[in-house]
2 protein chains.
Amino acid sequence: MVPFMQEPPPTGSAFLLAQLGAHATRRFTERIAELDLTPPQTGLLRVIARRPGESQQVLAAELGTPPTRLVALVDGLEQRGLIERRRNPQDRRLYAVHLSDKGRETMRALAKVGAAHEEELTSALSTEERMVLHGLLGRIAETHGLSQGVHPGYRDLDRP
Amino acid sequence: MVPFMQEPPPTGSAFLLAQLGAHATRRFTERIAELDLTPPQTGLLRVIARRPGESQQVLAAELGTPPTRLVALVDGLEQRGLIERRRNPQDRRLYAVHLSDKGRETMRALAKVGAAHEEELTSALSTEERMVLHGLLGRIAETHGLSQGVHPGYRDLDRP
DNA sequence: TATTGTTATACTCTATAACTATA
DNA sequence: TATAGTTATAGAGTATAACAATA
């Protein structure tokens, strides 16, 4: 969503966070494009890896997105052989969504991409400074209820 | 653009920055909605305030956006009386874009919104910690060429 | 009747290309 | 011919509502 600019105080921390967050997202998007993945696909893979076998409804709730949006997303990853839809014989309305072997391989590649991304982004800082930064960011995230490892995106946003 | 999730390492600083950046943007968007402004409008106002009298071409270059996009943006702000297009008698192709008195008033309101936003976002930290955070973020932003006070958004992004 | 997944549709935001008016 | 601004058009991404199958 989000366009090219934000806030009035030229360089408060809030503005820097918005700036750096957009930059981090852009760079990460470029990196995963080489794996032929988009950020939404990557996020879905992560949730499936963490909670294998869940229904699409549960995955949608976990991601905070409308269930309809998951259909195309799951379709795409399934067609590429990264995930599998398994029918539940007890309740034939549900699918159980799992990673495939190829999907697990992709997760390992994503871990490498993430490490390189982290290194690039924090390259200006010493090891000690990185720990300080991580601690401060973690506390801010915690007080704003962002600690679950799921990117909030812009859901729940009343856009004008 | 950006969807609901990003990266593999559950809580590296890169992921935290993306998370917090999206959160900061969302909260700021909510706040300026009460002034009936969107983030792109706010960013344009800031650039005009900093460089009054520039042409739309220059403003577009400054924001890193196609000039066509500025037309509707300038239209909207002009219709609400926040900015003025002034013809240049020497070269009647150009406009010189200026803030109006009402626009300057809006800038003051935006400054207040920004201060409240900054306070809310960093409320978990002490005064000292806020200074440390600001210093670290500033250094990271600098090494990635983000220091101009203009939000990069997702321009130049090769999206899949 | 309620729920899972799906399809159809519409809306927002943005970019690209074609046009006008001035130079 | 080149440039500033504009309009028209198309595309990506997302959400809402209606629908089919199953419970």
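All values below were derived from every heavy atom in this structure, side-chain atoms included, with hydrogens, water molecules and symmetry-related copies excluded. Bear in mind the structure is a predicted one, so any value in this text is a computation, not a measurement. Quick note on labels: first sequence line is chain A, next is B, and so on, each numbered from 1.
- Listed pair B/Arg87 / C/dA21 fails the phosphate criterion, with no side-chain N or O lying under 4.0 Å from OP1 or OP2.
- At D/dT16, none of the side-chain N or O atoms of A/Thr68 fall inside 4.0 Å of OP1 or OP2 (strictly under the cut-off).
- Residues B/Glu118 and B/Arg130 are not paired through a salt bridge, judged by the lack of any N-O separation under 4.0 Å between the basic side chain and the carboxylate.
- In this structure, B/Gln57 places its CD atom 16 Å from P of C/dA23, rounding to the nearest Å.
- We find that CG of A/Leu44 is positioned 16 Å from C1' of D/dG13, with the value rounded to whole Å.
- A/Tyr95 and A/Arg86 form no side-chain donor-acceptor contact under 3.5 Å, judged by distance and modelled atom types alone.
- For CZ of A/Arg92, the number of neighbouring non-hydrogen atoms (other residues, nucleotides, ligands) closer than 6.0 Å is 12 at most.
- Put simply, CG on B/Leu73 is 11 Å from P on C/dC13, counting in whole angstrom units.
- Atom CZ of A/Arg69 and atom P of C/dT7 are 17 Å apart (whole Å).
- Nearer to the 5' terminus of DNA chain D, by closest-nucleotide assignment, is the contact made by A/Pro66 (compared with the other of A/Pro66 and A/Arg92).
- Here the nucleotide nearest the side chain of B/Pro40, chosen from C/dT14, D/dA23, C/dG5, is C/dT14.
- Atoms CD (A/Gln90) and C1' (D/dT22) sit 14 Å apart, rounded to a whole Å.
- Summarising the geometry, the separation between CG on A/Leu70 and P on D/dA15 is reported as 11 Å, rounded to the nearest angstrom.
- Rounded to whole angstrom, the span from the CG atom of B/Leu94 across to the P atom of D/dG5 amounts to 5 Å.
- Put simply, A/Gln56 has a side-chain N or O that comes within less than 4.0 Å of OP1 or OP2 on C/dT6.
- The CZ atom of A/Arg93 sits 15 Å away from the C1' atom of C/dT6 (whole-angstrom rounding).
- Linking Ile, Leu, Val, Met, Phe, Trp and Tyr residues whenever their side-chain heavy atoms come within less than 4.5 Å places B/Val132 and A/Ile140 in a single cluster.
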